[in-house]
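For reference, the structure is listed below as structure tokens.
Residue numbering restarts at 1 for every chain, and letters A, B, ... go by the order of the sequence lines.
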2 protein chains.
Amino acid sequence: MTETKKIPRDICQIQCVHPEAVDRVKDKMPSQDILMNLADFFKVFGDHTRIRILTALYREELCVCDLVEVLGMNQSAVSHQLRVLRGAKVVKFRKQGKMVYYSLDDDHVRELLRDGMDHIQEERG
Amino acid sequence: MTETKKIPRDICQIQCVHPEAVDRVKDKMPSQDILMNLADFFKVFGDHTRIRILTALYREELCVCDLVEVLGMNQSAVSHQLRVLRGAKVVKFRKQGKMVYYSLDDDHVRELLRDGMDHIQEERG
DNA sequence: TCATTATATGAACACTTGTGCATATAATCA
DNA sequence: TGATTATATGCACAAGTGTTCATATAATGA
């Protein structure tokens, strides 16, 4: 029986930190609130279906049933995701009769998609 | 009893599509494979803890226990998330003795973080 | 008015994901 | 060699998320 004396590893007693660096960084960190928003914003791009919708709208404005056709998914799933995209102000829409046309909200969204694409293309060599 | 004649809504019989637009868009869609990678890439940014790590590293290189200090989280949680960030090539690292120093991988990551930040700042007015 | 059509949404369920615990690994020092 | 320390990781579980089904809403035309 080794009876390893159960080190209770005092959580806040870490020795190796660079206190100056930690202070500098802590000082410049945006508020938790902003960082939460930022994460939530990126989360919107982090789903296969939503990325497909955005990539489709990257080319041109489309109505919901066009998107249903392009994605080959059922209308409910598409609408649910459009709601998320709307909520994050990533797409905008206009109504015309019964139909609703969606398009990318602004150029930030375009840039983000392009930057992301660039990154993964590089990764793939 | 209204006996609503249970319309079996033939999935592929949507009338309203703009077939030309749909064709144009379908034609230019990247492969499912690429879009999956893209979504997975953004997914990495879509988490509060990981965004906090990236924001910290935005300023300067830090070792794991610095990050533990900055985030006020336990070491295991931080390591788990660093693994995800490494896997997506969003951070790079160098070993020095027992310690491992992390930093942002490249300028795409910086740009993405900045673009994202710009977007949410605008949203907030 | 009623039927039809395009889109939106609530509920339920399967699946994913982040965290903490315990422990492993690997580097340093005595 | 054994003890200590910095970091990594497997497992389990709670919490979150995407899809489908059923249905609601709203606009159009008969």
- Want to settle it: does A:Val78 or B:Arg86 sit nearer the 5' end of DNA chain D, counting the closest nucleotide to each? B:Arg86
[options]: which one has an atom nearest the side-chain heavy atoms of [X]?
| X | options | result |
| --- | --- | --- |
| A:His80 | D:dT7, C:dA11, C:dA6 | C:dA11 |
| A:Cys65 | D:dT7, C:dT7, D:dT19 | C:dT7 |
| A:Val100 | D:dA6, C:dG20, C:dA8 | C:dA8 |
| A:Ser76 | D:dT7, C:dT7, D:dC21 | D:dC21 |
| B:Lys43 | D:dT17, D:dT9, C:dT17 | C:dT17 |

Kindly say whether [Y] contributes a backbone atom to a donor-acceptor pair with the side chain of [X] at under 3.5 angstrom?
| X | Y | answer |
| --- | --- | --- |
| A:Asp33 | A:Met36 | no |
| B:Asp115 | B:Leu112 | no |
| B:Arg52 | A:Leu35 | no |
| B:Arg50 | B:Lys43 | yes |

- Query: Hey, does A:Val25 have a side-chain heavy atom less than 4.5 Å from the side chain of B:Thr55?
  - Reply: no
- Between A:Val44 and A:Val84, what is the shortest heavy-atom contact and its length? CG2-CG1, 4.2 Å
- Message: If you compare all heavy atoms of A:Leu38 against all heavy atoms of B:Met117, which two are closest, and at what distance to 0.1 Å?
- Response: CD1-N, 3.6 Å
- Near-strand residues of residues 88-96 of chain A, defined as heavy-atom separation under 4.0 angstrom from DNA chain D: none
- Query: What residues in residues 47-58 of chain A put a non-hydrogen atom under 4.0 Å from any atom of DNA chain C?
  - Reply: none
Nearest-angstrom distance from the residue atom [atom1] of [X] to [atom2] of [N]:
| X | N | atom1 | atom2 | result |
| --- | --- | --- | --- | --- |
| B:Leu85 | D:dA8 | CG | C1' | 14 Å |
| A:Asn74 | C:dT7 | CG | P | 14 Å |
| A:Tyr101 | D:dA27 | OH | C1' | 14 Å |
| B:Leu67 | C:dT19 | CG | P | 14 Å |
| B:Arg83 | C:dT19 | CZ | C1' | 14 Å |
| A:Phe42 | C:dT17 | CZ | P | 18 Å |
| A:Met73 | D:dT19 | CE | C1' | 7 Å |
| A:Met36 | C:dG18 | CE | P | 14 Å |

- Message: Under 3.5 Å, is there any donor-acceptor pair linking the side chain of B:Gln75 to the base of D:dA8?
- Response: yes
- Query: Looking across every strand, which nucleic acid part, if any, lies under 4.0 Å from A:Tyr102 by heavy atom: base, sugar-phosphate, or nothing?
  - Reply: sugar-phosphate
- Task: Remember a base hit wins even if backbone is also touched, and classify B:Ala77 as base, sugar-phosphate or nothing at under 4.0 Å, heavy atoms.
- Result: sugar-phosphate
- Item | side-chain N/O B:Gln81 vs C:dT17 OP1/OP2, d < 4.0 Å | no
- Query: Hey, mind stepping through A:His18 and B:Met99 against side chain to side chain contact (heavy atoms under 4.5 Å, CB included) and telling me if it holds?
  - Reply: CA-CA 12 Å; A:His18 309 81; B:Met99 277 141 84; 3.6 Å; yes
- Query: Which residue, B:Lys98 or A:Met99, contacts DNA chain C at a nucleotide closer to its 5' end, judged by nearest heavy atom?
  - Reply: A:Met99
- Message: Using a strict threshold of under 4.0 Å (side-chain N to carboxylate O), is an ion pair present between B:Glu61 and B:Arg94?
- Response: yes
- Message: Walk me through whether B:Tyr101 and B:Leu62 qualify under side chain to side chain contact (heavy atoms under 4.5 Å, CB included).
- Response: CA-CA 5 Å; B:Tyr101 290 87; B:Leu62 293 170; over 6 Å; no
